[in-house]
Novice: 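To start, I am sharing the structure in question, which I have written as structure tokens.
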Amino acid sequence: MTSDKAEVLRALHVPGSPLILPNVWDAASARAVGEAGFPAVATGSAAVSQVLGYEDGEGTPVGEMMAAIARIVRVVDVPVTADIERGYGLKPAELVERLAAAGAVGCNIEDSTAGTLVDPGEQADFLAEMRAAAGQGLVINARVDVYLRGRASREEAVARGRRYLEAGADCVYPIGLGDEDEIKALVSEVGGPVNIFFRRGLPAFERLGELGVARISFGGGLHRAAHVYTQSLIEKVKAGRSPY
């Protein structure tokens, strides 16, 4: 079953017809995404961490993160892909085992830690070990963090992306990339499916599809918006007004 769901998730990555993933943070938000008809559910580490009372950046104990992923998997019928940061210090085979135990059939894995980019060869080796341990039962979305770390070089992003795809990743995720021309160029050069992080100011979904994007995700954006709205409700109660 897990392998079947992994194949379903993998097949949804179609350049030009992107898989849209409104990232969730708990079972209730996952149910909402499933009920809305989305074909897959993705978690966002920043949002899940905040809900659990920890800081993003691997501040969440791995057991708590995996338990949160398992609760999300339990309430939806569609494939679940989990944002697991850089892997919480686990070896690749153990990380794959923990994801399988939680029921996730996909994951995001970052190539930076504590704000520093990991050597691309080291990251490629990590991804290759994950692929060897998982077979085809895990859809690996390899994040490329150069645009977050002050090194906004397409050449480096493409080089890393190609290396990660060769190592067994299914998709590359140049988080922070938003310029239309640069997205189009990277998509054409990297040679595999590309995930774009959607935020204010980016091209519309349809346009991102025209640029060849295969996946669109929201990170912690929806949770931040929901939290701001929650704060506004609480402020109304504090002021003695109805929040409804």
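Quantities reported herein were computed from a predicted structural model and do not represent experimental measurements.
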Novice: Quick check against the 3.5 Å criterion: does N23 have a side-chain atom that pairs as donor or acceptor with the backbone of G220?
Specialist: no
Novice: Give a yes or no on this: more than 12 heavy atoms of other residues, nucleotides or ligands lie within 6.0 Å of atom CD of Q136.
Specialist: yes
Novice: Counting N and O atoms only, with roles assigned by atom type, does the side chain of S217 sit under 3.5 Å from a partner on the main chain of G219, one being a donor and the other an acceptor?
Specialist: no
Novice: What residues, two or more places apart in sequence or in another chain, satisfy ring pair (Phe, Tyr, Trp, His ring centres under 6.0 Å) together with F198?
Specialist: F205, F218
Novice: Going from CD1 on I234 to NZ on K236, what distance comes out if it is rounded to the nearest 0.5 angstrom?
Specialist: 12.0 Å
Novice: With rounding to the nearest 0.5 angstrom, report the CD1 to CG distance, I183 to L202.
Specialist: 5.5 Å
Novice: Answer yes or no: is there a donor N or O on one side and an acceptor on the other, between the side chain of R162 and the main chain of E189, under 3.5 Å?
Specialist: yes
Novice: Test salt bridge (charged side-chain N to carboxylate O under 4.0 Å, His left out) on E156 and R160 and set out the steps.
Specialist: CA-CA 6 Å; E156 182 175 3; R160 283 178 177 262; 3.1 Å; yes
Novice: Testing V51, L52, V48 one by one against T60 for a side-chain contact (heavy atoms from CB on, under 4.5 Å), which residue passes?
Specialist: L52
Novice: Using a side-chain heavy atom cutoff under 4.5 Å and only I, L, V, M, F, W and Y, what cluster partners does Y173 have?
Specialist: L148, I175, F197
Novice: Keeping the roles fixed (side chain from S29, backbone from D26), state whether a donor-acceptor pair exists under 3.5 Å.
Specialist: yes
Novice: I'd like a table of donor-acceptor pairs (distance under 3.5 Å, sequence neighbours excluded) in which one partner is a side-chain atom from residues 74-95, with atom names and distances.
Specialist:
{"residue": "T81", "atom": "OG1", "partner": "G106", "partner atom": "O", "Å": "3.4"}
{"residue": "T81", "atom": "OG1", "partner": "C107", "partner atom": "N", "Å": "3.1"}
{"residue": "D83", "atom": "OD1", "partner": "E85", "partner atom": "N", "Å": "3.2"}
{"residue": "D83", "atom": "OD2", "partner": "S45", "partner atom": "N", "Å": "3.1"}
{"residue": "D83", "atom": "OD2", "partner": "S45", "partner atom": "OG", "Å": "3.2"}
{"residue": "E85", "atom": "OE1", "partner": "G57", "partner atom": "N", "Å": "2.9"}
{"residue": "E85", "atom": "OE1", "partner": "E58", "partner atom": "N", "Å": "2.5"}
{"residue": "E85", "atom": "OE2", "partner": "E58", "partner atom": "N", "Å": "3.3"}
{"residue": "E85", "atom": "OE2", "partner": "Y88", "partner atom": "OH", "Å": "2.9"}
{"residue": "R86", "atom": "NE", "partner": "E110", "partner atom": "O", "Å": "3.3"}
{"residue": "R86", "atom": "NE", "partner": "Q123", "partner atom": "OE1", "Å": "2.9"}
{"residue": "R86", "atom": "NH2", "partner": "Q123", "partner atom": "OE1", "Å": "2.7"}

Novice: For L222 and P22, which heavy atoms make the closest approach, and how far apart are they?
Specialist: CD1-CB, 3.4 Å
Novice: Could you go through R207 and E210, starting from their C-alpha distance and side-chain angles, then the distance that decides it, and tell me whether this counts as salt bridge (charged side-chain N to carboxylate O under 4.0 Å, His left out)?
Specialist: CA-CA 5 Å; R207 178 57 181 156; E210 291 170 354; 3.1 Å; yes
Novice: So, S188 side chain and A185 main chain: donor-acceptor pair closer than 3.5 Å or not?
Specialist: yes
Novice: Scan residues 7-35 for pairs that pass ring-ring contact (aromatic ring centres under 6.0 Å, His included), counting only residues two or more places apart or in two chains.
Specialist: W25-H223
Novice: Which heavy atom in A157 sits nearest to a heavy atom in L186, and how many Å separate them?
Specialist: CB-CD1, 3.8 Å
Novice: So, using salt bridge (Lys or Arg N to Asp or Glu O under 4.0 Å) as the criterion, who are the partners of R71 when residues are at least two apart?
Specialist: none
Novice: Could you tell me which residues satisfy salt bridge (Lys or Arg N to Asp or Glu O under 4.0 Å) with D170, sequence neighbours excluded, listed by chain and number?
Specialist: R10, R131
Novice: Could you give the distance from CG (D111) to CG (L117), rounded to the nearest 0.5 Å?
Specialist: 5.5 Å
Novice: Between S112 (side chain only) and G115 (backbone N and O only), is there a donor and an acceptor less than 3.5 Å apart?
Specialist: no
